[in-house]
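Worth knowing before you read on, the calculation uses all heavy atoms, side chains too, and leaves out hydrogens, waters and symmetry mates. On a predicted model such as this, the values are computed, not experimentally measured, just so you know.
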Amino acid sequence: MFLEKLMPDQYVESIHHIHIDLLRDKKIKAVITDLDNTLVEWDRPYATPEVEQWLKRLRDEGIQVTVVSNNNRERVDKFCTPLGVRYISAARKPTNRAFLQAIAEMNVKIEETVVIGDQLFTDVLGGNRLGFHTILVVPVAQTDGFWTRFNRRMERAALYWMRRKGMISWKTKA
């Protein structure tokens with residue numbers, strides 16, 4: 001069923017609500033994370049001190065990170081390079097290519113990796129199609145670019161049906 005491919009394994013308020021010690025205990029060696037509205041607002045060019053600290057904690061636990069974003073190279077490079085974070089831009093999520101490229105570059109297996117993002121139709125669908133553990137976060141900003149606004153409308157419909165079918169019990173922020 002298509003709706004099941006949109007169902008994240010976890011739903012949390014933000015990246016800061018992901019328990020890094022639990023990731024380590026589950027033998028997670030890598031994180032594939034979205035950038036815009038997952039780590040920072042879509043229009044914020046650089047990481048906040050809190051995001052920098054979160055990334056440092058992952059590194060300290062031996063967990064690798066690759067940012068996989070549908071945004072352009074200039075935007076993603078500007079954010080990731082100062083942090084020394086690996087990235088893949090123009091990823092075309094939910095297609096498989098960027099996810100598979102990320103685990104190949106980190107030399108990890110799907111079962112050792114989590115995918116974190118704020119969108120069902122890109123991050124969660126892309127991760128679930130390949131069998132990753134997926135974590136959906138509440139979008140950092142309440143505004144979006146043009147294509148993301150379209151996706152959000154579709155997400156609201158999908159969440160409505162998922163809730164009606166009893167697939168989810170958590171509430172989303174509008």
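For H16 against V51, the heavy-atom pair with the smallest separation is CE1-N, 4.1 Å. In plain terms, the two heavy atoms of P8 and T134 that are nearest each other are CA-OG1, 3.3 Å. Listed here is the closest heavy atom pair of K5 and N128: O-ND2, 2.9 Å. When all heavy atoms of R24 and I63 are compared, the closest pair comes out as N-CD1, 4.4 Å. Minimum interatomic distance between Y46 and V40 (heavy atoms only, all atoms of both residues): O-CG1, 4.0 Å. Contact record, G117 with D123: CA-OD2, 3.4 Å, taken as the closest heavy-atom pair.
Contact of the K26 side chain with the V114 side chain is not registered, since no non-hydrogen atoms from C-beta on lie closer than 4.5 Å. The closest side-chain heavy-atom distance from K109 to K29 is not below 4.5 Å. The side-chain heavy atoms of D34 and T122, taken from C-beta on, include no pair separated by under 4.5 Å. Using a 4.5 Å heavy-atom cutoff, the side chains of L39 and V140 are not in contact.
Annotation: R129, atom CZ; neighbour count of heavy atoms from other residues, nucleotides and ligands within 6.0 Å is above 12. Surrounding CG of N107 are at most 12 heavy atoms belonging to other residues, nucleotides or ligands under 6.0 Å away. The neighbour count for R73 CZ, taken as heavy atoms of other residues, nucleotides or ligands under 6.0 Å away, does not exceed 12.
A donor-acceptor pair is defined here as one N or O able to donate and one able to accept, closer than 3.5 Å; no such pair exists between the side chain of T66 and the backbone of R86. N70 places a side-chain N or O within donor-acceptor distance of the main-chain N or O of R92, the cut-off being under 3.5 Å.
Taking CG of D36 as the start and CZ of R44 as the end, the distance is 12.0 Å to the nearest 0.5 Å. Between the NZ atom of K78 and the CG atom of N72 there is a distance of 10.5 Å, given to the nearest 0.5 Å. Note: I18 CD1 to T33 OG1 = 7.5 Å, rounded to the nearest 0.5 Å. Summarising the geometry, atom CD belonging to Q101 is positioned 12.5 Å from atom CG belonging to N96; distances are rounded to the nearest 0.5 Å. Atom CD of residue E61 and atom NZ of residue K56 lie 10.5 Å apart, to the nearest 0.5 angstrom.
Under the side chain to side chain contact (heavy atoms under 4.5 Å, CB included) criterion, L83 pairs with A47, E52, L55, F79, V85, not counting sequence neighbours.
V31 and V76 fall within the same hydrophobic cluster, where Ile, Leu, Val, Met, Phe, Trp and Tyr residues are linked whenever their side-chain heavy atoms come under 4.5 Å apart, directly or through other members. A single hydrophobic cluster is seen to contain both V12 and I116, as judged by linkage of ILVMFWY side chains at heavy-atom distances under 4.5 Å, directly or through other members. One hydrophobic cluster, built from ILVMFWY side chains closer than 4.5 Å, cannot hold both I15 and V138; they sit in different ones. A continuous path of ILVMFWY side-chain contacts below 4.5 Å connects I135 to I20, so both sit in one hydrophobic cluster. Criterion: ILVMFWY side-chain heavy atoms under 4.5 Å apart, direct or through other members. Under it, Y11 and L120 are part of a common hydrophobic cluster.
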Next on the checklist: Determine whether Q10 and H133 satisfy the following criterion, side chain to side chain contact (heavy atoms under 4.5 Å, CB included), listing intermediate values before the conclusion.
Outcome noted: CA-CA 8 Å; Q10 287 180 254; H133 181 89; 2.7 Å; yes
Item to check | Chi angles and distances behind the side chain to side chain contact (heavy atoms under 4.5 Å, CB included) call for D77, S89 | outcome: CA-CA 8 Å; D77 183 71; S89 59; over 6 Å; no
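Other members of the hydrophobic cluster containing I88, listed by chain and number, are I32, V68, F99, L100, I103, M106, V108, I110, V115, L130, F132; membership follows side-chain contacts under 4.5 Å among ILVMFWY residues, whether direct or relayed.
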